[in-house]
Amino acid sequence: DVELVESGGGLVQAGGSLRLSCLASGFTTDDYAIGWFRHAPGKVREVVSCISTGDGTNYVADSVKGRFTISSDNAKNTVYLQMNSLKAEDTAVYYCAGVPEGVLCTNWGPVVEYDTWGQGTQVTVSS
């Protein structure tokens, strides 16, 4: 079974940085798609970013573009979300989710609902 485990969340002051990690296990292919999503209280879940581990195709939402960067280390089966210049409105629970087909992340975002989810990691940005 596929399992995703997030880490790296925490409390940071506005303007600070955090790096989230999503460790993937159980995929039978080296070409899969991982997305980062966030859910803040009272708001709709938002797609933040996604990446295809096969060819590096990736997407970053306009709301975080220029501040967040997604990357993958295939040797470590880990996808990272580097978050810089954090703002109070970035406060949310961040989840990674995945599917076993890399083409399901495009430059315009995920094209399907990803069906395997991690447990989430809390990011709190104090203003």
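Source: prediction; values computed, not measured.
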(request) State, with a plain yes or no, whether a side-chain heavy atom of N107 is found less than 4.5 Å away from one of Y59. (result) no
(message) For F37 versus A97, what's the shortest heavy-atom pair and its separation?
(response) CE1-CB, 3.7 Å
(message) Is there a path of hydrophobic side-chain contacts, each under 4.5 Å between heavy atoms, that joins W117 and V111?
(response) yes
(request) May I ask you to test the V99-D115 pair for a side-chain heavy-atom distance under 4.5 Å? (result) yes
(request) Nearest 0.5 Å please: distance from the OG1 atom of T57 over to the CG atom of L104. (result) 11.5 Å
(request) Hey, could you give me the OG/CG distance between S127 and L86, rounded to the nearest 0.5 Å? (result) 12.5 Å
(request) For the residue pair D31 and S52, establish whether any side-chain heavy-atom pair is separated by less than 4.5 Å. (result) yes
(request) Could you check if a side-chain atom of E6 sits within less than 4.5 angstrom of a side-chain atom of L20, using non-hydrogen atoms only? (result) no
(request) Nearest 0.5 Å please: distance from the CD atom of Q82 over to the OG atom of S21. (result) 9.5 Å
(message) So, taking the atom named CD1 in I34 and the one named OH in Y80, what distance separates them when rounded to the nearest 0.5 Å?
(response) 12.5 Å
(request) Could you tell me the separation between the OG1 atom of T91 and the NZ atom of K43, rounded to the nearest 0.5 Å? (result) 9.0 Å
(message) So V79 and I70, do their side chains get closer than 4.5 Å, heavy atoms only?
(response) yes
(request) Calculate, to the nearest 0.5 Å, the distance between atoms CG and OH belonging to L18 and Y94 respectively. (result) 9.0 Å
(message) Looking at every heavy atom in both S17 and N84, which two are closest together, and how far apart are they?
(response) OG-OD1, 2.9 Å
(message) Count I, L, V, M, F, W, Y as connected when their side-chain heavy atoms are under 4.5 Å apart, and connections chain through other members. Are V123 and L81 then in the same cluster?
(response) yes
(message) Is the distance from the ring center of F68 to that of W36 below 6.0 Å?
(response) no
(request) For residues G98 and L4, report the shortest heavy-atom separation together with the two atoms involved. (result) N-CD1, 3.4 Å
(request) Grab the two heavy atoms, one from G109 and one from C50, that are nearest each other, plus how far apart they are. (result) C-SG, 3.9 Å
(request) Please tell me if the side chains of R38 and V64 come closer than 4.5 Å, counting only heavy atoms from C-beta onward. (result) yes
(request) Decide if atom NZ of K65 counts as having more than 12 heavy atoms of other residues, nucleotides or ligands within a radius under 6.0 Å. (result) yes
(request) Provide the closest heavy-atom pair for Y114 versus A33 in the form atom of the first, atom of the second, distance. (result) OH-CB, 3.6 Å
(request) For S63, check side-chain hydrogen bond (donor to acceptor under 3.5 Å, both in side chains) against everything at least two apart and list the hits. (result) E46
(request) State, yes or no, whether a side-chain contact exists between M83 and D90 at a heavy-atom distance under 4.5 Å. (result) no
(message) Can you confirm whether T116 sits close enough to Y32 that some side-chain heavy atom of one is under 4.5 Å from a side-chain heavy atom of the other?
(response) no
(message) Under a 3.5 Å distance rule, please check whether T106 uses its side chain to pair with a backbone N or O of W108 as donor and acceptor.
(response) yes
